[in-house]
Amino acid sequence: MSADLAARIRASVREIPDFPQPGINFKDITPVLANHTLFAEIIHALAEPYRTADITKVVAIESRGFIFGAPVAMLLACGFVPIRKPGKLPHTTQRIEYALEYGTDILEAHVDSLAVDDRVLIIDDVLATGGTAGAAADLVRLLGGNPVGAAFVIELGFLAGREKLVKLPVTSLLCY
Ligand code: AMP
């Protein structure tokens, strides 16, 4: 991953203070998506470390994870599996409940979305505290899959989210 790409992503991300709640400095990636060359470079850079990793499924987290996960799955020539908020998936689901700073949240995936020993790359736009991606990795394991990596466009390094992704290689294109 080039420092130049990180600089161009940083220049394109729009920071929205106090959204969706006070104290959160929201990284708005919509200007990045609107720039087709930058968007394409990001997709290639997310996929690059995993080209020879025999990934069989990309699993992405609702909803911005889908934007990056689906094209990465196409590049890696593997299947795509959505992880969604509760009540969105139509078939029987496996769910996982995980702790937030205050309270808990739930993620779901279809029970038959992964085969035993599927080699899974987890994708999301932002790694913050790592709670969401950690829960996604646990959900993959519950479904019989083998998480082999997690890739993010942006990492909020000061929140140490990668420490929650124990034993899972983490890549990010831009770290704050
Ligand atoms: P976390 O579970 O704390 O790692 O949060 C990760 C999820 O929340 C990801 O799906 C992100 O899209 C979203 N998120 C967390 N913090 C931010 C932020 N500062 N800007 C944009 N999205 C964020």
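For clarity, every value in this text was computed on a predicted model and none was experimentally measured. Atoms within each ligand, like the ligands themselves, are counted from 1 in listed order. Hydrogens, waters and symmetry mates are skipped; everything else that's a heavy atom, side chains included, is used.
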Residue [X] vicinity, atoms of ligand 1 by number, heavy atom under 4.0 Å:
| X | value |
| --- | --- |
| Thr129 | 1 (P), 2 (O), 3 (O), 4 (O) |
| Arg64 | 11 (C), 12 (O), 13 (C), 22 (N) |
| Leu156 | 19 (N) |
| Gly131 | 2 (O), 4 (O) |

Could you tell me the residue and atom name of the protein heavy atom closest to [atom], and the distance to it rounded to 0.1 Å?
| atom | answer |
| --- | --- |
| atom 17 (C) of ligand 1 | Val126 CG1, 4.0 Å |
| atom 20 (N) of ligand 1 | Lys27 N, 2.9 Å |
| atom 11 (C) of ligand 1 | Asp125 OD1, 3.5 Å |

Worksheet item: With a 4.0 Å cut-off, strictly under, does atom 22 (N) of ligand 1 pick up any protein heavy atom?
Response: yes
Worksheet item: Does one hydrophobic cluster hold both Leu143 and Ile83, with members joined at side-chain heavy-atom distances below 4.5 Å?
Response: yes
Fill in: Leu142 side chain near Ile96 side chain, heavy-atom distance below 4.5 Å
yes
Item to complete: Please examine the side chains of Phe80 and Phe66, heavy atoms only from C-beta on, and report whether any two atoms are closer than 4.5 Å.
Response: yes
Charged N to carboxylate O under 4.0 angstrom, [X] versus [Y]?
| X | Y | answer |
| --- | --- | --- |
| Lys88 | Glu108 | no |
| Lys57 | Asp118 | yes |
| Glu62 | Lys85 | no |

Worksheet entry | Heteroatom proximity flag, Gly130 to ligand 1, N/O under 3.5 Å | yes
Discussion item. Test your reading of the structure: does Ala128 have an N or O sitting under 3.5 Å from an N or O of ligand 1?
Written reply: yes
Worksheet item: Could Lys27 and Tyr176 be counted as a cation-pi pair, given that NZ or CZ must be under 6.0 Å from the ring centre and within 45° of the axis?
Response: yes
Worksheet item: Counting heavy atoms only, which of Val13, Thr132, Asp124 comes nearest to atom 9 (C) of ligand 1?
Response: Asp124
Discussion item. Below 4.0 Å from ligand 1: does a non-hydrogen atom of Asn25 turn up there or not?
Written reply: yes
Discussion item. Holding to ring-ring contact (aromatic ring centres under 6.0 Å, His included), I want the full list of residues that pass it with His36, two or more places apart in sequence or in another chain.
Written reply: none
